[in-house]
Amino acid sequence: MSNPLPLPPPPPLQPPETPPWDTPSSVWYTPRTTPWRTPHSTQSTPLNQMVLTNPPAVKLNGLDAEPREDRGILRQPPRNSRTNPLIWCVAGLGFVFSLVLIFFGIATLVVFLAVKPRIPEIDIPNASLHTIYFDSPLYFNGDVSMMMNFTNPNKKMEVRFEHLKIELFFFKKLIAVQGVQPFSQRKRETRSEPIRLISSLVYLPVNHAVELSRQVQNNKIEYQIRGTFKVRAHFGLIHYSYWLHGMCELQMTSPPIGILISHNCTTKRR
């Protein structure tokens, strides 16, 4: 009787797909590919091993004890607030001020386009130098009279002169002043005003006194006349005012004759 053939060796044991023990951590956090879980193990976790991460909250009297995160927050719409009356007042004043500016702008444009206003002119056609003498080497006395013409060249506008002041200068040194009463002028009217400028014991610096003495000997004296006026222009209901400056350069002979040789007058608006 022959001996029986030997049995083949048993197959090697394969490691289990999951650890022999089951813990909550192994069920919750074990990835699908681990050293003991091969890619072929794609079986889903049984229902009896599934653990809910967000258990339902306990309800009390039909209300949730804790607010759920997936529920949106309802915001109450803002209430209708009334505008402060002060804001309405400021807005109204701004609107009125804007209308006033627009009105005056249109009025000014109409005046300049339709009326074409021109500034008044001054002129000195006649002047006389009566006296020049020195009480001392530095104190001067003098007497000058003249006729000053004021002309309104506007064809559609009347003007009024106010705060008139006439000043006499010698080499930019003030030596006499006279005021003139206010007056009005119609369209294209010329008015002559007598002016008398008297200097009494006016102090002159040495260089001014020497120069005046030299001009008296040469029979050619140079004076400067400066006039300052406030002019009010009227065109219907439109009124506006501005300051006017007139400057005249005079050349006169020595007293007692003292007649006007030449003059040059300019007028500028400020």
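Side-chain N or O atoms of D143 include none that pairs as donor or acceptor with a backbone N or O of H130 at under 3.5 Å. Although no hydrogens or angles enter the test, the distance criterion places no donor-acceptor pair under 3.5 Å between the side chain of Q224 and the main chain of L168. Here the side chain of Q215 pairs a donor or acceptor atom with the backbone of E222 at under 3.5 angstrom. No side-chain donor-acceptor contact under 3.5 Å links E158 to the backbone of H234. Using a distance-only test at 3.5 Å, with no hydrogens or angles considered, a donor-acceptor pair links the side chain of N152 to the main chain of R186. The backbone N or O of P120 lies less than 3.5 Å from no partner atom in the side chain of N154, so there is not a single donor-acceptor pair. H208 places a side-chain N or O within donor-acceptor distance of the main-chain N or O of F171, the cut-off being under 3.5 Å. No donor-acceptor pair under 3.5 Å is formed between the side chain of S241 and the backbone N or O of R232.
Both tests pass for R269 against the ring of Y242: distance under 6.0 Å to the centre and angle within 45° of the axis. Figure legend: cation-pi geometry between R160 and F183 absent, as NZ or CZ is not positioned both under 6.0 Å from the six-membered ring centre and within 45° of its axis.
Under a cut-off of 6.0 angstrom, the local environment of CG in L138 is crowded, with over 12 non-hydrogen atoms contributed by other residues, nucleotides or ligands. Heavy-atom contacts from other residues, nucleotides or ligands closer than 6.0 Å to OH of Y139 number 12 or fewer.
For the 3.5 Å distance criterion, the side chains of S199 and N141 fail to qualify, holding no donor opposite an acceptor.
Salt bridge K187/E189: absent, no basic N to carboxylate O contact under 4.0 Å.
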